[in-house]
Undergrad: 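Mind looking over this structure? Questions follow.
Order of the sequence lines fixes the chain letters, A, B, ..., with proteins taken first and strands second; residue numbering starts at 1 for each chain. Since the structure is predicted, the reported quantities are computational estimates derived from the model, not experimental observations.
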Amino acid sequence: MAKYKLTKDPVTGEELPFIILGEGAFIPKNTDNTDYQDYLDWVAEGNTPDPAD
Amino acid sequence: MSTLKVNKIRDTSGSTDAITLDPSGGAVLAGVTTMTTARITTGITTSIQVGGGVTISESGIEASGIGITCANINGTQISGRRNLVINGAMSVAQRGTSSTSQGYHTVDRFKPYAGGADENPTQAQVDVSSGTSPYTEGFRKALKITNGNQTSGAGGADYMQIEHKFEAHDLANSGWNYTSSSSFITLSFWVKSSVSQDFQIVLRTTDGPSQSFQFETPTLSANTWTKIVKTIPGNSNITFDNNASQGMAIYWFPFIGTNYTSPSNTLNAWVQSTSGTYGVTDPTTWWTTNDATFELTGVQLEVGSQATAFEHRTFGDELALCQRYFQKYACTDQEWIYVESNGAEYKWWQSHFNPMRTTPTVDISGLSTGSGTSFAGGSGNISSIAVTSTSGGDANGRVSYRVTGSATWGTARTLHHTDSWDGEFVTYSAEL
């Protein structure tokens, strides 16, 4: 299981602009958000997030 | 040297005496007395008095019943907020009061982090003991780090740090002429360690080529609060962008390994940052002592060359400043939701009540679903909650959720948490 997971709207199935960390922290895809900066660093290291459910 | 013995001295063309000598050793100067420098080399044994309102003595200047006119105090603004540090008195701890996790988990705005630990240190918000400093200076709380048991010793990559970050525009607009070596900021704080040693402190800028200012405390007496004051000049290489991103951080190191330090590093001056500019070689005693402690409070960073008295703020003021970076929403046992007409979409909204630094991370991991939840007028329970959109930044933001479960459609409902959501929180984080 990857550290991060992509998200979809549970009803519409549309991809949401969030990355999920752990058990339920929704990280917005905003480059001013330091959690999203950490996610981008993690991807740059060659990691891949889990797909959305 | 002979002694001139006279009672009075008068100018040859004057009509009144300029100086009348007192037999007991004093003198009375009449009229306007002009001098280039008045230097009292042995102290004022009593006082100099101007009228009945101003007294200058060894202990300071007392002015009563009059106004004081001056351009500045300590080279900066006369009143208003001086402390650039938020929560420097460690009074706000929204996330909790004790944790062995890394990062922000107790005292707001102060981020403890350990690298290479065999056993994670514990961070905690603790009480300051009464009856002595810094309690008597008005401090009631401190951030305390209790070391774990570092069985593998002091590795070169090991470290224990406490970090406080500043937004760049708060420094750019502080009034510190940071590119001038004759303009200063002053850092002051209270520190206590269970181990007698010196500790490394580093200020590190973020914008442009990063610059580091490294210094170390004197050797602290074990278990004794010590106030540290450091005045820091500007430097032509310092840059602060005018934005809400990180502009600088202060690091306190209970321990920093040799991978990040060098005996040849320059202390007490700005240098360009590298991975090795976190101080000079640090004593290992604290890190290799199981349950060693390091406490910090009264942190103040202000523009000017003098450390003024700590700027105590009300708890409410300090909390509001902290909420730019972290807020928590305390759920009740009934939260209003709206059921869309298709019967499958249940929406829940919350607002974060202060504008945050940027769009926050929303953590709902503290909310339970499944049994113990229900919809008023519906059936079944909440099967999932997902954040679907957020707003924030310069305005009060809103968070929208999609709740799945089963409920009667087409009307507003309350989302019941029958075992009570009391004590469960949604948190918003826009930390630097």
Undergrad: Judged by modelled atom types alone, do A/N33 and B/T361 share a side-chain donor-acceptor pair under 3.5 Å?
TA: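 The criterion, which ignores hydrogens and geometry beyond distance, is satisfied for B/T361 and A/N33.
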
Undergrad: Check each atom of B/T388 against the heavy atoms of chain A and say whether the ones under 4.5 Å are side chain, backbone, both or neither.
TA: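 The answer is both parts of B/T388.
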
Undergrad: In terms of relative ring orientation, are A/Y36 and A/Y39 parallel, tilted or perpendicular, with 30° and 60° separating the classes?
TA: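 Rings of A/Y36 and A/Y39: parallel, under 30°.
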
Undergrad: Answer with side chain, backbone, both or neither: which region of A/I27 has an atom nearer than 4.5 Å to a non-hydrogen atom of chain B?
TA: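 Backbone plus side chain of A/I27, per the 4.5 Å heavy-atom cut-off to chain B.
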
Undergrad: Please report whether the ring centroid of B/Y159 lies less than 6.0 Å from that of B/Y260.
TA: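 Centroid distance B/Y260-B/Y159: below 6.0 Å, so yes.
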
Undergrad: Check each atom of B/A386 against the heavy atoms of chain A and say whether the ones under 4.5 Å are side chain, backbone, both or neither.
TA: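 For B/A386, the contact with chain A is made by backbone and side chain together.
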
Undergrad: With a 4.5 angstrom heavy-atom cut-off, could you sort out which part of A/D32 is near chain B: side chain, backbone, both or neither?
TA: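 Both parts, heavy atoms under 4.5 Å.
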
Undergrad: Is it the backbone or the side chain of B/T427 that comes under 4.5 Å from a heavy atom of chain A, or both, or neither?
TA: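 Looking at B/T427, nothing touches chain A.
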
Undergrad: Do the side-chain N and O atoms of B/Y278 and B/Q161 include a donor-acceptor pair separated by under 3.5 angstrom?
TA: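 No.
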
Undergrad: Where on A/D9 is there a heavy atom nearer than 4.5 Å to chain B: the side chain, the backbone, both, or neither?
TA: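 Side chain of A/D9 only, per the 4.5 Å heavy-atom cut-off to chain B.
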
Undergrad: Establish, yes or no, whether the cationic atom of B/R109 lies under 6.0 Å from the six-membered ring centre of B/Y325 and within 45° of the ring axis.
TA: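 That pair qualifies as a cation-pi contact.
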
